[in-house]
*Asks:* 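Dropping a structure here in structure tokens format, bear with me for questions.
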Amino acid sequence: MSDATIAAGTEQRLTAQELKAQEKAAKKAEKERLKRVARDEKAERKRAAKSGFANVANPRRSTLLTIVCALFAVYCLFPFVYLLINATKTQADFTSTFGLGFGHTFALWDNIKTVFTYQDGIFGRWFLNTILYVVVGAGGAGMAAGIAAAQAGKSVVILEKTAMVGGNSVRSTGGMNAAKTEWQDANEFGQSAGVEKTLAAAAESYPELAELTATVQAQYDQYKANPTGYFDSVELFMLDTLVGGKNLNNYDLVKTLAGNSAAAIDWLDGIGAELHNVGAFGGASVNRIHRPEKDGKTISVGSYIIPIMETACADNGVEIIFNAPVTEILMDGGKAVGVKADGYTVNAGAVIIASGGFGANLDMVAELKSELKGFVTTNAPGITGDGIAMAEKVGAATVDMDQIQIHPTVEQKTSALITEGLRGDGAILVNAEGSRFCDEVGTRDAVSAAELAQTGGNAWLIVDQKMVDASSVIAGYITKGYTVQGDTYEALAEAMGVPGDALSATMDKWNAAVAAGVDEDYQRTSFANPLDTAPYYAIQIAPGVHHTMGGIQINTAAEVLKADGTVIPGLFAAGEVTGGIHGANRLGGNAVADFVVFGKIAGESAAAYVK
């Protein structure tokens with residue numbers, strides 16, 4: 001075999017080996033490629049899962065799937081978010097707004113929210129600290145409570161049974177009693193006779209108040225030795241209130257009322273309600289009632305203060321829901337945890353009842369005090385005792401339920417309250433014979449009783465033009481047609497239908513008493529100015545149901561009490577729905593003091609309840 005042939009064979013073998021090696025290498029490379037592809041696909045699937053279930057093979061399908069999943073999440077979660085933001089809404093509210101489809105999931109989330117919002121539920125205390133406190137009633141006490149709780153950093157909702165705020169508070173025409181304020185000090189003190197009369201009455205009729213009486217006597221003696229500013233004190237305010245209430249009052253509640261009154265005037269200043277005009281009112285030894293003014297004239301306190309409080313609620317984030325009568329207080333483990341209302345269920349950290357008394361429920365009034373059957377009422381229609389009944393159902397005690405006040409000056413055709421401030425500023429009362437018959441600035445029960453003893457059970461309230469010029473309230477009575485008038489005493493008597501000579505003699509005698517500062521007939525100690533500026537005006541009045549002194553029993557922190565004196569946790573009350581503060585008779589000016597002082601306390605106590 002030639003060398004060329006051997007060389008050719010060797011080359012063919014080498015080529016075959018190379019081909020075999022190349023084939024083996026190619027198979028290995030392909031295997032590695034397939035492994036890489038598999039790893040890449042697996043990694044891609046993981047990335048897709050994290051970024052919205054993307055489908056590598058079909059991008060359009062993956063986008064659609066992402067959209068569907070997002071919509072489903074909105075469907076499931078939106079009702080819960082809605083519940084958190086609007087804690088008082090119901091399924092009916094939700095479905096009417098967003099449709100039936102969303103509404104199907106509402107009940108489930110509402111149950112879950114309940115678990116979270118009950119005080120002892122999962123995360124309950126944290127949730128309630130930041131979400132909701134519920135107030136029943138948007139009158140003066142309810143709004144004061146709501147504002148105070150909101151100022152303490154809480155979220156508050158007020159449920160009001162009617163279509164507007166105000167309740168009885170907006171009808172208040174007088175003012176607010178407060179002791180030892182800077183606005184009193186701007187007045188000259190001239191009420192020594194009033195202080196001495198109260199001290200004598202307390203010593204004679206209420207020996208159990210001897211310690212308080214002695215304190216006031218010492219304060220008064222000290223003032224007389226160095227008469228600086230205007231004389232009044234927390235203790236004199238207390239003594240007036242206790243004597244006026246026949247000492248049926250709860251002493252500690254009266255002390256709280258009087259002791260916080262001056263600070264409450266300052267608090268009202270802080271929300272824009274200025275009560276700086278100070279005057280006289282029935283049952284008060286000194287000038288203590290604080291009233292609003294406009295253009296130099298006194299105006300009704302209720303119609304002034306209530307719109308300001310409503311604005312303050314809005315400014316502080318307090319939500320007011322109207323036409324939402326509360327029907328039940330929700331309890332859990334002996335604690336108040338919310339309320340049920342017409343169309344609403346509210347789970348809350350604390351419940352404040354401020355729904356007013358029962359003066360518009362004349363059947364209830366007559367049941368508790370039969371002699372008041374047939375009387376007109378000055379109360380707003382919604383003041384029917386609902387809050388008292390609800391509180392009793394959860395174990396709350398009541399007190400003084402039969403103590404119902406009639407107001408002596410009510411215009412009978414319209415049931416309009418004629419403010420006691422007119423008598424404090426100098427008006428007098430005369431009967432059908434044209435004669436005075438009582439101390440016009442006595443307590444309401446005393447003046448009412450005196451009126452009912454007169455011919456026809458009614459009387460006439462008389463003012464002059466000088467008083468009209470100083471009061472927008474009186475001007476309003478004239479505009480509404482409540483008055484008759486005359487340019488002389490005789491002409492006024494003719495318009496009133498009383499004897500002219502008798503009325504003329506009464507007016508002359510009264511003006512002489514004002515000049516002398518002594519009322520020999522009825523020992524009145526508040527005189528103001530003579531009624532000698534024509535024309536003269538008279539309003540025919542008689543008593544009407546005005547205030548219910550009885551109600552839910554509370555302590556000085558506005559906590560609702562059981563019959564055994566223990567607290568119902570989470571339940572607070574303020575305003576006319578409560579009892580014990582006013583005793584057997586409420587002094588004029590103490591209702592506004594009550595709803596501001598105890599409304600504020602209730603809001604602050606409720607805010608402190610959930611730590």
Side-chain angles (χ1 to χ4, degrees), residues 184 186-204 217 220-221 223-224 227 229-232 236 240 243 278-289 298 408-409 420-431 433-443 446-447 450-451 454 459-471 474 486-490 492-493 496 498-538 588:
Q184 284 179 298
N187 293 267
E188 181 179 351
F189 181 71
Q191 285 70 44
S192 295
V195 176
E196 292 164 1
K197 183 177 180 180
T198 296
L199 287 169
E204 179 181 353
Q217 182 68 65
Y220 184 50
D221 291 342
Y223 175 79
K224 288 190 295 182
Y230 189 89
F231 177 71
D232 195 8
L236 179 56
D240 281 337
V243 170
V278 178
F281 234 58
S285 302
V286 298
N287 292 358
R288 184 181 293 132
I289 194 161
T298 57
T409 52
E420 198 165 356
L422 271 65
R423 286 172 281 143
D425 289 340
I428 63 170
L429 295 171
V430 301
N431 56 22
E433 290 72 42
S435 301
R436 288 180 65 225
F437 54 88
C438 70
D439 173 5
E440 291 89 347
V441 292
T443 57
V447 178
E451 281 181 4
Q454 304 307 305
W460 291 89
L461 179 82
I462 298 177
V463 301
D464 70 350
Q465 186 62 45
K466 182 163 64 267
M467 288 185 66
V468 174
D469 292 340
S471 172
I474 305 176
D487 290 332
T488 63
Y489 296 143
E490 292 78 9
L492 180 64
M496 294 164 60
V498 305
D501 56 348
L503 181 64
S504 182
T506 294
M507 299 301 292
D508 289 342
K509 187 173 185 179
W510 169 250
N511 290 337
V514 172
V518 178
D519 176 18
E520 295 180 350
D521 292 332
Y522 300 104
Q523 291 73 55
R524 176 170 167 171
T525 59
S526 171
F527 296 99
N529 299 305
L531 297 171
D532 58 3
T533 305
Y536 306 100
Y537 304 85

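Count residues from 1 along the sequence.
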*Asks:* Return the set of residues passing side-chain contact (heavy atoms from CB on, under 4.5 Å) with Val278 (not counting sequence neighbours), or none when no residue passes.
*Replies:* Trp183, Gln184, Asn187, Asn287, His290
*Asks:* With sequence neighbours excluded, tell me which residues meet side chain to side chain donor-acceptor pair (under 3.5 Å) with Asp469.
*Replies:*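 Residues passing side chain to side chain donor-acceptor pair (under 3.5 Å) with Asp469: Gln465.
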*Asks:* Looking only at heavy atoms, which two atoms of Ser526 and Gly424 are closest? And how far apart?
*Replies:* OG-O, 3.6 Å
*Asks:* Asp508: what forms a salt bridge (charged side-chain N to carboxylate O under 4.0 Å, His left out) with it, not counting sequence neighbours?
*Replies:*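 With sequence neighbours excluded, Asp508 shows a salt bridge (charged side-chain N to carboxylate O under 4.0 Å, His left out) to no residue whatsoever.
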*Asks:* Nearest 0.5 angstrom please: Lys466 NZ to Ile474 CD1, how far?
*Replies:*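 Rounded to the nearest 0.5 Å, the NZ-CD1 separation comes to 11.0 Å.
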*Asks:* Using side chain to side chain donor-acceptor pair (under 3.5 Å) as the criterion, list what pairs up with Asn511, not counting sequence neighbours.
*Replies:* Tyr489
*Asks:* Once you round to the nearest 0.5 Å, how far does CZ of Arg436 lie from CD1 of Ile462?
*Replies:* 10.5 Å
*Asks:* Carefully, step by step, assess Val447 and Arg423 under the rule side-chain contact (heavy atoms from CB on, under 4.5 Å).
*Replies:* CA-CA 11 Å; Val447 178; Arg423 286 172 281 143; 4.1 Å; yes
*Asks:* Run Asn431 and Glu451 through side-chain contact (heavy atoms from CB on, under 4.5 Å) and show every step you take.
*Replies:* CA-CA 8 Å; Asn431 56 22; Glu451 281 181 4; over 6 Å; no
*Asks:* If you round to the nearest 0.5 Å, how far is CZ of Phe527 from CD1 of Ile428?
*Replies:*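 So the gap between those two atoms works out to 12.0 Å.
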*Asks:* Gln523: what forms a side-chain contact (heavy atoms from CB on, under 4.5 Å) with it, not counting sequence neighbours?
*Replies:*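 Expected list: none.
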*Asks:* To the nearest 0.5 Å, what is the distance between CE (Met507) and CG (Asp464)?
*Replies:* 7.5 Å
*Asks:* Just jot down the salt bridge (charged side-chain N to carboxylate O under 4.0 Å, His left out) partners of Asp521, sequence neighbours excluded, or say none.
*Replies:* Lys509
*Asks:* With sequence neighbours left out, what residues match Phe189 under side-chain contact (heavy atoms from CB on, under 4.5 Å)?
*Replies:*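 Counting only residues at least two positions away or on another chain, Phe189 forms a side-chain contact (heavy atoms from CB on, under 4.5 Å) with Gln191, Ser192, Val195, Tyr220, Tyr223, Tyr230, Phe231, Val286.
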*Asks:* Between Trp510 and Tyr522, is the ring centre distance below 6.0 Å?
*Replies:* no
*Asks:* Heavy atoms only: give me the nearest Thr443-Gly283 pair and the separation to one decimal.
*Replies:* CG2-CA, 4.3 Å
*Asks:* Using the side chain to side chain donor-acceptor pair (under 3.5 Å) criterion, which residues pair with Arg524? Sequence neighbours excluded.
*Replies:* Glu440
*Asks:* Residues two or more places apart in sequence or in another chain: which of them pass side-chain contact (heavy atoms from CB on, under 4.5 Å) with Ala450?
*Replies:*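 By the side-chain contact (heavy atoms from CB on, under 4.5 Å) rule, Ala450 matches Phe437, Cys438.
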*Asks:* With rounding to the nearest 0.5 Å, note down the distance linking OH in Tyr537 to CG in Leu461.
*Replies:*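 It comes to 14.0 Å.
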*Asks:* Taking all non-hydrogen atoms of both residues, which atom of Ala193 and which atom of Thr525 are closest, and how far apart?
*Replies:* CB-CG2, 3.8 Å
*Asks:* Mind jotting down which residue pairs meet the salt bridge (charged side-chain N to carboxylate O under 4.0 Å, His left out) criterion with at least one end in residues 186-200? Sequence neighbours excluded, please.
*Replies:* Lys197-Asp439
*Asks:* Which residues pass the side chain to side chain donor-acceptor pair (under 3.5 Å) test with Ser285, not counting sequence neighbours?
*Replies:*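 Thr198, Asp240.
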*Asks:* Quick one: pull up OH in Tyr536 and CG in Asp487 and give me the separation to the nearest 0.5 Å.
*Replies:*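 With rounding to 0.5 Å, OH (Tyr536) is 9.0 Å from CG (Asp487).
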*Asks:* Using a 3.5 Å distance criterion without hydrogens, assess whether the side chain of Ser504 forms a donor-acceptor pair with backbone atoms of Gly500.
*Replies:*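 Checked: no pair found.
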*Asks:* Stepwise, does the side-chain contact (heavy atoms from CB on, under 4.5 Å) test hold for Met467 with Leu531?
*Replies:* CA-CA 8 Å; Met467 288 185 66; Leu531 297 171; 3.7 Å; yes
